[in-house]
Amino acid sequence: MIDTHCHLDASRFDPDRPEVVARAWAAGLHGILIPAVGPETWEPLLALPRQDARIQVGLGIHPQFLPDLPPESDGPNLERLDALLAKGGAVAVGECGLDGPSLTGASLERQVAVLRGHLALARKHGLPVLMHCHRLHPALIELMKTETWPDAGILMHSYSGGAELARFYIQKGCHFSFAGPVTWAEARKPLDALRVIPPERLVAETDSPDQAPTPFRGQRSEPGYLPHILAGMAQALGEPVDVLAQRTTENARRLFREAFPPPSL
């Protein structure tokens with residue numbers, strides 16, 4: 001099992017990060033992908049895969065953090081990101097994307113411009129993109145109609161849209177990752193979407209420390225909870241959990257160009 005989106009560097013893990021990682025391996029995981037949320041985290045994250053190949057990282061600027069960064073820094077930050085990606089060590093570009101609640105602090109025009117920069121870097125460096133989109137799917141769709149998409153692919157992180165929206169992203173070649181909400185009692189739209197996604201485009205995540213699955217909802221999530229998410233996905237798809245776990249693991253390893261070591265290592 002591979003957790004394709006886990007903010008293990010978040011401060012909420014500071015008290016017990018080694019124990020959290022140990023619980024993840026004990027739960028059967030053999031890979032964790034940590035996406036950066038801002039420039040100050042890039043160098044520290046790049047050190048992690050050198051310590052343990054089971055932990056890989058993506059580098060990018062989360063749209064929710066753009067209000068905390070001066071607009072004039074966008075260009076220099078993307079140039080620095082380009083230089084770091086050129087050195088290797090990252091398996092993806094992101095987390096990046098569009099975020100509706102952040103519009104008051106970072107205009108749509110700015111968010112789109114920064115996202116275009118990330119997409120250009122993904123194309124240049126041959127890396128997949130970890131895509132965040134919250135309450136701005138119409139804007140992302142308009143961008144998709146004109147932007148050249150990276151050959152390495154797009155992963156729609158913690159997908160929560162419905163089946164019809166998913167069909168558009170499927171046509172664009174996107175992969176999809178699901179988190180804790182697929183296990184929540186009121187889950188409807190993500191489960192409908194889950195059922196129309198091609199099996200080879202499906203992966204799983206915890207989005208830790210947020211979106212904890214049932215029975216941990218409301219608590220801090222952690223990567224060791226991934227089996228609960230896979231169980232919820234398997235139930236919706238009507239297939240054995242072990243079959244889905246193996247397939248999503250293989251999908252993740254292929255999407256991230258075999259960056260994660262196989263389970264036997």
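Atom set for the values below is all heavy atoms of this structure, side chains included, hydrogens, waters and symmetry mates excluded. Values in this document were obtained by computation on a predicted structure and should not be read as measured data.
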Taking every non-hydrogen atom, the tightest pair across A259 and V91: CB-CG1, 3.4 Å
Would you indicate whether the side-chain heavy atoms of L127 and R257 approach each other to under 4.5 Å? yes
Above 12 or not: heavy atoms from other molecules or residues under 6.0 Å from CZ of R116? yes
Indicate yes or no for a side-chain donor-acceptor contact from T248 to the backbone of L244 under 3.5 Å, with no hydrogens or angles considered. yes
To the closest 0.5 Å, what do you measure between CD (Q56) and OG1 (T4)? 13.0 Å
Please walk me through it: do S102 and Q111 pass side-chain hydrogen bond (donor to acceptor under 3.5 Å, both in side chains)? CA-CA 9 Å; S102 300; Q111 290 193 37; 5.1 Å; no
Just so I know, are the side chains of V129 and P150 near enough to count as touching, which here means a heavy-atom distance under 4.5 Å? yes
Checking side-chain polar atoms at under 3.5 Å, does T206 have a donor or acceptor matched by the opposite partner on D3? yes
Common cluster, Y169/L130, ILVMFWY with side-chain heavy-atom separation under 4.5 Å: no
E164 and D192: CA distance, side-chain angles, deciding distance, side chain to side chain contact (heavy atoms under 4.5 Å, CB included) verdict: CA-CA 9 Å; E164 288 305 311; D192 291 340; over 6 Å; no
Between E95 and H5, a side-chain donor and acceptor under 3.5 Å: yes
With a 4.5 Å cut-off on side-chain heavy atoms, are H30 and P261 touching? no
For the rings on F216 and H228, is their centre-to-centre separation under 6.0 Å? yes
Does CD belonging to E40 count more than 12 external heavy atoms closer than 6.0 Å? yes
Between S177 and E205, is any side-chain donor less than 3.5 angstrom from a side-chain acceptor? yes
Applying side chain to side chain contact (heavy atoms under 4.5 Å, CB included), run through R54 and I32 and close with a yes or a no. CA-CA 6 Å; R54 293 173 295 181; I32 298 172; over 6 Å; no
Taking S208's backbone N and O only, do any of them form a donor-acceptor pair with S221's side chain (distance below 3.5 Å, no angle check)? no
Check the hydrophobic clustering (I, L, V, M, F, W, Y; side-chain heavy atoms under 4.5 Å; chains of links allowed) and say if M156 and I141 are grouped together. yes
Quick one: closest heavy-atom pair of I170 and P198, and the distance? CD1-CD, 3.7 Å
According to a 4.5 Å side-chain heavy-atom criterion applied to Ile, Leu, Val, Met, Phe, Trp and Tyr, with indirect links allowed, do V182 and M1 form part of one hydrophobic cluster? yes
Passes side chain to side chain contact (heavy atoms under 4.5 Å, CB included), I154 versus C174? Steps please. CA-CA 5 Å; I154 300 283; C174 294; 3.8 Å; yes
Does a sphere of radius 6.0 Å around CG in D210 hold more than 12 heavy atoms from other residues, nucleotides or ligands, not counting ones at 6.0 Å or beyond? yes
Do H157 and F178 make the cut of ring centroids closer than 6.0 angstrom? no
Would you check if the side chain of R17 reaches a backbone N or O of A10 as a donor-acceptor pair within less than 3.5 Å? yes
Sub-4.5 Å side-chain heavy-atom contact between L143 and L119: yes
Verify salt bridge (charged side-chain N to carboxylate O under 4.0 Å, His left out) between E222 and R220, making sure each step is shown before the conclusion. CA-CA 7 Å; E222 59 179 70; R220 184 192 71 176; 3.5 Å; yes
If you compare all heavy atoms of R135 against all heavy atoms of P101, which two are closest, and at what distance to 0.1 Å? NH1-CG, 4.1 Å
Please give me the minimum heavy-atom distance between A27 and P227, naming the atom from each residue. O-CG, 3.9 Å
Where do A212 and W184 come nearest, in terms of heavy atoms and distance? O-NE1, 3.0 Å
Using side-chain hydrogen bond (donor to acceptor under 3.5 Å, both in side chains) as the criterion, point out the one residue from R253, Q246, R247 that pairs with E250. Q246
Please say yes or no: joined through hydrophobic side-chain contacts below 4.5 Å, possibly via intermediate residues, are M131 and L59 part of one cluster? yes
Salt-bridged, D82 to K124, with N to O below 4.0 Å? yes
Would you please test E200 and R254 for salt bridge (charged side-chain N to carboxylate O under 4.0 Å, His left out) and show each step? CA-CA 10 Å; E200 70 276 9; R254 184 170 58 251; over 6 Å; no
Any idea how H62 and H7 line up, ring-wise: parallel (<30°), tilted (30 to 60°), or perpendicular (>60°)? tilted
Could you give me the CA-CA distance, side-chain angles and deciding distance for D99 and L66, then say whether side chain to side chain contact (heavy atoms under 4.5 Å, CB included) is met? CA-CA 10 Å; D99 188 75; L66 282 178; over 6 Å; no
So how far is it from L45 CG to L84 CG, rounded to the nearest 0.5 Å? 11.0 Å
Regarding H175 and N251, do their side chains bring together a donor and an acceptor under 3.5 Å, going by distance alone? no
So R110 and D74, salt bridge (charged side-chain N to carboxylate O under 4.0 Å, His left out) or not? Walk me through it. CA-CA 9 Å; R110 182 186 177 196; D74 292 346; 2.7 Å; yes
Here the gap from L136 atom CG to L103 atom CG, rounded to the nearest 0.5 Å, amounts to 5.0 Å
Taking all non-hydrogen atoms of both residues into account, name the closest pair between P35 and C6 and its distance. CD-O, 3.5 Å
Kindly determine whether E43 and R50 satisfy salt bridge (charged side-chain N to carboxylate O under 4.0 Å, His left out), including the steps that lead there. CA-CA 12 Å; E43 278 88 356; R50 295 192 291 267; over 6 Å; no
Just how far is it from atom CD1 of I197 to atom OH of Y159, taken to the nearest 0.5 Å? 7.0 Å
Closer than 4.0 angstrom, basic N to acidic O: yes or no for R23 and D16? yes
Taking atom CD as the centre, does Q235 end up with more than 12 heavy-atom neighbours from other residues, nucleotides or ligands that are less than 6.0 angstrom away? no
Gap separating the CG atom of L194 from the CG atom of L202, nearest 0.5 angstrom: 5.5 Å
Is there a side-chain contact between T148 and R123 in this structure, where contact means two heavy atoms from C-beta onward sitting under 4.5 Å apart? yes
Measuring from atom CD of Q219 to atom OH of Y225, what distance do you get when rounded to the nearest 0.5 angstrom? 5.5 Å
Would you find a donor on one side and an acceptor on the other, under 3.5 Å apart, between the side chain of K172 and the backbone of M144? yes
Closer than 3.5 angstrom, by distance alone: can the side chain of T183 be matched with the main-chain N or O of I229 as a donor-acceptor pair? no
Do you reckon L121 sits in the same ILVMFWY cluster as I61, going by side-chain contacts under 4.5 Å, direct or chained? yes
